[in-house]
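For the numbers below, each heavy atom of this structure counts, side chains included, while hydrogens, waters and symmetry mates do not. Positions are given from 1, in the same order as the sequence printed here. Both counts, for ligands and for their atoms, begin at 1 and track the order of listing.
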Amino acid sequence: MLIKTNTSGFDHPNSSEITPQAIYQGRRELIKLMATGAAGAALASWAGRQALAQTPPKPGKLAALPGGKSAVVGAVTLEKITDYKLATSYNNFYEFGTDKADPGKNAHILVTKPWSVAVEGLVRQPKIWTLEDLLKLSPQEERIYRLRCVEGWSMVIPWVGYSLSELIKKVEPLGSAKYVEFVTLADPKTMPYVGSRVLEWPYVEGLRMDEAMHPLALLTFGMYGEVLPNQNGAPVRMVLPWKYGFKSGKSIVNIRFTDKEPRTAWNKAAASEYGFYSNVNPAVDHPRWSQATERRIGEDGLFAKRRKTLMFNGYEAQVAQLYAGMDLKKLF
Ligand SMILES: Nc1nc2c(c(=O)[nH]1)N[C@H]1C(S)=C(S)[C@@H](COP(=O)(O)O)O[C@H]1N2
Ligand SMILES: [Mo]
C-alpha cells in the first residue's frame, strides 16, 4: 500500500535486523508444536526449508512436500524462492509502522499466545477456536505461492497451512451467508500505529463466499517450515495468491459470515484506489501507477528487469471462473 512512502528505492534489509535469536525462537516454537503433534508433518524439516530458501529448486522437479503435496495446483516452484531474510524484513503490517522495515523491528512485542479466533455470524456452528484447535482441524500443507503487493513488488514464499474451506465446512455457513469478513488484531498496547489515522482500525478484509471456499485460499500458520514470524502475521493469517497482498489479513482474531459485502480497511481509506475484489490484474492500473509489471524482491540489481505481472498473479487457470461475466475494470 502506498501513502506517502517513496517506493523508488528499495532498502536492502541488513542481515543484523534478523537476530539469530528470532530464528531460534521460531524454531523452538516449531519444535514445541511438533512435540504436541499439533503442527503436523508439513512443518517438519526446518533445515530443509531453509536450504530451499537459499537454493532454487531444480527445474522440472518439484521440491518434496513433507506434509503431503496439496491437491490444488498452486506451486510455482520453478521460480526462485525469496530469501527468508527478505521475506521477514520487508513487510507491510501497518499496525507496526508504515516503513517496510518497521514490522520486522517492532512486531516482536506482539503477544500471540494465548490466541483464539471467534468464528461467528451466519453459521450453524459459531465458536471461539483456540489456535491449538485450529491447528488440529486439518493437516498442514506447504504451498509455494507468489504474493504480489499492490505497490508493485512480489515475492515467492513457501507458506504452511490448509485451505480455509476446511474451516468453513466445519462451521456450516447458513444459506444466507454470502461473504466472509476477516477482522485482525487491533491492540493499542502492542501495536504502536493502532490509533494513528493511516487506516481505520481494526484492519478488516473480506471475500465473497465462493472465493473463500476456493482451495487456493490458505489459512496460514507458517512459512519456510517455521511458525509465522510476528511481522508476517502470527499466529494465523490468510494468503490469497491471486489477489493483491493487502487482501491477505494478518493476525486474524475474527472470522465473520455476513450477507453484505464487508467494508474493508483499504476500501474505506481510498475507495477509488482499492476495490473489494482487488484481483491482480495487469490490465487495470492503479489510479496513480501502472500494474503491468512488478519487481521481484531480491532481484534488485542495477540490471534486474521488472517482470510482467500475470493475470490473477498467474493463477488464472485456477480462479478465472469465479469472475466469469464480471466487468473487472469496474469491479476491481
Ligand atoms: N493486519 C494487517 N494485515 C496485512 C497488512 C496490514 O497492514 N495489516 N498489510 C497487507 C499487505 S499490503 C501486504 S502486501 C501483505 C504483506 O505480507 P508479508 O509481509 O507477509 O509479505 O500483508 C497484508 N496484510
Ligand atoms: Mo501490499
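Counted within 6.0 Å of NZ on K170, heavy atoms from surrounding residues, nucleotides or ligands total 12 or fewer; the atom is thus considered open.
Scanning V239, L86, L228, N92 for the heavy atom closest to atom 5 (C) of ligand 1 points to N92. Considering only non-hydrogen atoms, atom 6 (C) of ligand 1 lies nearest to Y203 out of F246, F96, Y244, Y203. Closest heavy-atom approach to atom 18 (P) of ligand 1 within the set E151, E205, K250: this belongs to K250.
Between R237 and ligand 1, a contact under 3.5 Å exists for at least one N or O pair. Polar contact check, E95 against ligand 1: a nitrogen or oxygen pair lies under 3.5 Å apart. For ligand 1, one of its N or O atoms has an N or O atom of N91 under 3.5 Å away.
Applying the 4.0 Å criterion to heavy atoms of Y94 picks out, from ligand 1, the atoms 6 (C), 7 (O). Within ligand 1, counting atoms from 1 as listed, the ones closer than 4.0 Å to a heavy atom of C149 are 14 (S). Taking every heavy atom of N232 and a limit of under 4.0 angstrom, the matching atoms of ligand 1 come to 18 (P), 19 (O), 20 (O).
Residue contacts with ligand 1 leave out S251, since none of its heavy atoms falls under 4.0 Å from the ligand.
Note on ring orientation: taking the six-membered ring where Trp is involved, the planes of F276 and Y179 are perpendicular (angle over 60°, cut-offs 30° and 60°).
In summary, the aromatic rings of Y94 and W201 are positioned with their centroids too far apart to meet the 6.0 Å limit. Ring centers of Y274 and Y244: at least 6.0 Å apart, outside the cut-off.
A single hydrophobic cluster is seen to contain both L137 and M213, as judged by linkage of ILVMFWY side chains at heavy-atom distances under 4.5 Å, directly or through other members.
Within the structure, salt bridge (charged side-chain N to carboxylate O under 4.0 Å, His left out) pairs that include any residue of residues 301-326 comprise E299-R307 (at least two apart or interchain).
Among the candidates E79, E294, R146, the single residue satisfying the side-chain hydrogen bond (donor to acceptor under 3.5 Å, both in side chains) test with S154 is E294.
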